[in-house]
Amino acid sequence: MTSQNRSCTYLNILLHITILLSAIYAIKGIIYAVYIIPPAMGTSPDDMGHMSYVKFIADNKSLPTLFVSPMDKAIHQSFSETERGNWKDFPLNLSFQPDTLLNWIAQHPPLYYLLLVPIYKLATIFTTDLSSVLITLRLFTLTFGILTIFYLYKLLIITKVKLWISCSILFTFVFNLSIQWCFFNVTNDSLLILLSTSSLYYLLNYTVTNSTKDYYLFVILSALVVLTKYTGIVLLVPFFCFFSYKEITTNGFKAFLRKIFSGIVIVSVLIIPLLIRNYMFSGDLFPVAHSIIQKNRADITIFQFLTQVQYFDDLYWNICGLLGWTTFTRANIFVKMFVAIFVFISGIISLSNVREKKKKIIITLLGIAALIIQYKIFNFFFSTALAMTGILILTSSIISYINTDNHKEYIILFIATAIFYLIILFVQQYNLYLLFGHLRATHGRYYYILFFPICYLIFNQFSKFSPIKTKALSVIYLLLLIILELSFVKDLFSGTLLIS
């Protein structure tokens with residue numbers, strides 16, 4: 001079989017698997033959104049605020065304003081009943097009925113909510129029941145997850161990931177309940193994950209094809225990321241640095257300046273009106289809900305924050321799974337240990353690829369020391385310590401032999417993106433701890449926009465295995481994912497988050 005025929009076979013198989021997984025994802029999404037997750041407020045983070053944001057735009061024909069615009073009364077009542085453990089439906093008023101509680105979600109840019117408004121208006125033609133309208137918006141949000149699968153498929157092709165490694169990455173997205181939760185509920189994180197994934201694809205595709213269309217799609221989608229959630233700006237910084245490097249080295253500095261100028265014009269047209277409005281109404285270009293807090297409630301150093309408040313334990317646990325809002329269900333020990341062991345094994349495989357004995361010994365000793373310090377001295381959960389040690393070994397090993405890797409530019413981009421994003425969010429979470437005196441904003445959903453870069457780095461370590469072994473491991477991995485998702489669902493039912 002020629003290389004061209006092998007390539008066509010690979011593409012056909014991966015496409016068919018992607019279509020099948022998309023169908024499974026859609027069916028699962030419908031089951032969760034309609035029949036499992038209660039059709040009430042309080043089942044996903046900030047859903048009361050997201051829903052009130054949509055209703056405010058639909059009824060008032062204007063955007064809500066932070067510290068001014070309230071929640072809708074019926075939506076808040078639904079949340080209050082959920083807090084009491086009652087799944088109670090409420091009729092939506094034809095006009096926005098202001099509540100006494102202000103809507104902190106008004107800090108977010110409007111793109112996600114503007115997309116939902118026509119769906120909301122269409123749904124309210126047929127029903128005014130909050131439950132029915134909520135389910136309709138959930139199903140619309142589900143389409144963002146399906147589109148994300150499509151762009152993951154395209155990214156796997158362009159980065160030339162092997163077939164069964166690609167399948168395993170897609171399995172991870174489709175059968176990870178924590179990530180799915182973003183697409184089965186009303187939340188702007190769903191659109192942010194889609195736009196982050198698609199903008200990365202067009203960035204990489206532009207560096208391969210040098211197509212002007214891909215460049216402008218990258219620019220437009222990057223602007224839409226900002227119009228969805230300001231957190232996405234952090235992700236775009238390393239993307240822009242990568243584009244600048246590739247453009248200058250490939251097409252020259254003058255071509256780079258021309259591209260930058262046209263890109264700035266497009267981004268300005270899309271974003272500046274919102275920034276002007278933000279400054280006029282709140283005095284900030286990027287308003288945040290906690291900006292009214294004037295005095296810190298905690299006095300703690302960064303070292304104390306890292307070692308004494310269980311920051312890493314909380315963060316790792318939430319990334320593995322944190323579902324709900326009025327009541328939370330977190331990933332069980334099986335999920336946490338599975339993720340930790342898998343990441344650690346990936347790190348060990350990466351370490352085995354280090355050719356220089358001296359570097360291999362140094363990384364090994366570094367990993368052993370890190371595991372002991374985290375688990376024995378700082379008293380991290382063993383799953384947290386094992387996962388972080390795996391990440392340390394993986395990253396150190398990859399960096400040590402990166403010059404011999406055919407895809408080193410992708411690897412550098414993905415590592416730089418992950419490190420930069422994690423550092424910025426860490427600084428933000430540390431500052432929030434100083435303000436509030438407890439951990440905030442450590443939800444796993446903030447990190448799912450890193451899904452493809454992180455998965456590429458972890459899963460690609462298995463690419464040197466034989467096709468037969470990789471296929472067998474991929475099937476076993478899929479079965480374990482399904483079992484773990486079912487165990488998570490069981491915990492949700494026992495935790496009274498879901499309808500029983």
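Just so it is clear, the structure is predicted and the values come from calculations on it, not from any experiment.
You'll find the side chain of Thr197 reaches within 4.5 Å of the side chain of Leu155, heavy atoms only. Between Ser396 and Leu366, the closest side-chain pair of non-hydrogen atoms falls below 4.5 Å. Contact annotation: the side chain of Asp46 never approaches that of Thr187 to less than 4.5 Å [non-hydrogen atoms, C-beta and beyond]. Between Ser178 and Phe488, the closest side-chain pair of non-hydrogen atoms falls below 4.5 Å. Considering only heavy atoms from C-beta on, Leu170 comes within 4.5 Å of Leu156 through its side chain. Side-chain contact between Phe414 and Leu200 is present, with heavy atoms from C-beta onward closer than 4.5 Å. Under the 4.5 Å side-chain criterion, counting only non-hydrogen atoms from C-beta, Thr329 is not in contact with Leu322. Between Leu413 and Leu204, the closest side-chain pair of non-hydrogen atoms falls below 4.5 Å.
The two residues Cys182 and Tyr448 have their closest heavy-atom pair at SG-CD1, 4.0 Å. Here the closest non-hydrogen pair linking Phe67 and Leu102 is O-CD1, 3.5 Å. The two atoms that bring Asn103 and Tyr53 nearest to each other are ND2-N, 3.7 Å, heavy atoms only. Nearest approach of Leu101 to Met48, heavy atoms of both residues: CD2-CE, 3.8 Å. Shown here for Ser196 and Ser199, the closest heavy-atom pair between the two residues is O-OG, 3.0 Å. Annotation for Leu235 and Tyr421: closest pair N-CD1, 4.2 Å, computed over non-hydrogen atoms.
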Verdict with reasoning, Thr470 to Leu473, per side-chain contact (heavy atoms from CB on, under 4.5 Å): CA-CA 5 Å; Thr470 307; Leu473 289 173; 5.8 Å; no
Intermediate values then yes/no, ring pair (Phe, Tyr, Trp, His ring centres under 6.0 Å), Phe218 and Tyr206: CA-CA 8 Å; Phe218 164 64; Tyr206 171 71; 8.3 Å; no
Test side-chain hydrogen bond (donor to acceptor under 3.5 Å, both in side chains) applied to Thr141 and Ser190, step by step: CA-CA 7 Å; Thr141 300; Ser190 57; 4.7 Å; no
Test ring pair (Phe, Tyr, Trp, His ring centres under 6.0 Å) applied to Phe382 and Tyr375, step by step: CA-CA 6 Å; Phe382 182 71; Tyr375 185 58; 5.3 Å; yes
Residue pair His407, Tyr456: steps toward the side-chain contact (heavy atoms from CB on, under 4.5 Å) verdict: CA-CA 11 Å; His407 300 109; Tyr456 178 91; 3.5 Å; yes
Tyr447/Ile454 under side-chain contact (heavy atoms from CB on, under 4.5 Å): CA gap, chis, key distance, verdict: CA-CA 10 Å; Tyr447 298 86; Ile454 295 296; over 6 Å; no
Test ring pair (Phe, Tyr, Trp, His ring centres under 6.0 Å) applied to Phe312 and Phe381, step by step: CA-CA 9 Å; Phe312 286 113; Phe381 293 146; over 10 Å; no
Worked check of side-chain contact (heavy atoms from CB on, under 4.5 Å) between Asn460 and Val161: CA-CA 7 Å; Asn460 222 31; Val161 178; 3.9 Å; yes
Residue pair Tyr430, Phe305: steps toward the ring pair (Phe, Tyr, Trp, His ring centres under 6.0 Å) verdict: CA-CA 7 Å; Tyr430 171 65; Phe305 177 71; 5.4 Å; yes
N/O donor-acceptor pairs under 3.5 Å from side chains in residues 223-233, not counting sequence neighbours:
| residue | atom | partner | partner atom | Å |
| --- | --- | --- | --- | --- |
| Thr228 | OG1 | Leu224 | O | 2.8 |
| Lys229 | NZ | Asp189 | OD1 | 2.7 |
| Tyr230 | OH | Asn278 | ND2 | 2.8 |

Would you mind writing out the side-chain donor-acceptor pairs for residues 340-352 within the sub-3.5 Å range, not counting sequence neighbours?
| residue | atom | partner | partner atom | Å |
| --- | --- | --- | --- | --- |
| Ser346 | OG | Ile458 | O | 2.7 |
| Ser350 | OG | Tyr401 | OH | 3.1 |
| Ser350 | OG | Gln461 | OE1 | 3.4 |
| Ser352 | OG | Ile349 | O | 2.4 |

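A centroid separation of 6.0 Å or more is found between the aromatic rings of Phe144 and Phe183. For Phe459 and Phe452, the distance between ring centers is not under 6.0 angstrom.
A distance-only check finds no donor-acceptor pair linking the side chain of Asn205 to the backbone of Tyr201 [under 3.5 Å]. Checking side-chain atoms of Lys360 against main-chain N and O of Val354 turns up a donor-acceptor pair under 3.5 Å.
Remark: Leu439 CG to Tyr311 OH distance equals 8.5 Å, nearest 0.5 Å. Rounding to the nearest 0.5 Å gives a distance of 9.0 Å between CG of Leu115 and OG1 of Thr143. Taking OG1 of Thr417 as the reference point, atom CZ of Phe242 lies at 9.0 Å (rounded to 0.5 Å). Note that CD1 of Ile363 is 4.0 Å distant from OG of Ser397, once rounded to the nearest 0.5 Å. Within the model, atoms CG of Leu425 and OH of Tyr446 stand 9.0 Å from one another, a figure rounded to the nearest 0.5 Å. Within the model, atoms CD1 of Ile165 and OG of Ser474 stand 7.5 Å from one another, a figure rounded to the nearest 0.5 Å.
Among Val475, Leu481, Leu480, the one residue that satisfies the side chain to side chain contact (heavy atoms under 4.5 Å, CB included) test with Phe171 is Leu481. None of Tyr202, Phe451, Phe173 except one satisfies the ring-ring contact (aromatic ring centres under 6.0 Å, His included) rule with Tyr151; the exception is Tyr202.
At a cut-off of 3.5 Å, with distance as the only test, no side-chain donor of Ser80 or Glu83 sits close to an acceptor on the other residue.
Between Phe184 and Tyr32, the two ring planes are parallel [angle under 30°; tilted spans 30° to 60°]. Between His108 and His50, the ring planes are parallel. Angles under 30° get that label, and only those over 60° would be called perpendicular. Relative ring orientation between Phe462 and Phe465 is described as perpendicular, the plane-to-plane angle rising above 60° on a 0-90° scale split at 30° and 60°.
Counting non-hydrogen atoms of other residues, nucleotides and ligands closer than 6.0 Å to CD1 of Ile468 gives a total of 12 or fewer. Summarising the local packing, CD of Glu81 is surrounded by more than 12 heavy atoms from other residues, nucleotides or ligands at distances under 6.0 Å.
For Lys162, the salt bridge (Lys or Arg N to Asp or Glu O under 4.0 Å) criterion is met by no residue, not counting sequence neighbours. With sequence neighbours excluded, the residues satisfying salt bridge (Lys or Arg N to Asp or Glu O under 4.0 Å) with Lys359 are Glu356. By the side chain to side chain donor-acceptor pair (under 3.5 Å) test, Arg355 pairs with no residue at all, sequence neighbours left out.
Listed by first then second residue, pairs satisfying side chain to side chain donor-acceptor pair (under 3.5 Å) with a partner in residues 312-321 read Asp313-Thr384, Asp314-Asn318, Asp314-Arg330, Asp314-Thr442, Asn318-Arg330, Asn318-Thr442, not counting sequence neighbours.
A salt bridge links Glu485 to Lys28: one of the charged nitrogens lies within less than 4.0 Å of a carboxylate oxygen.
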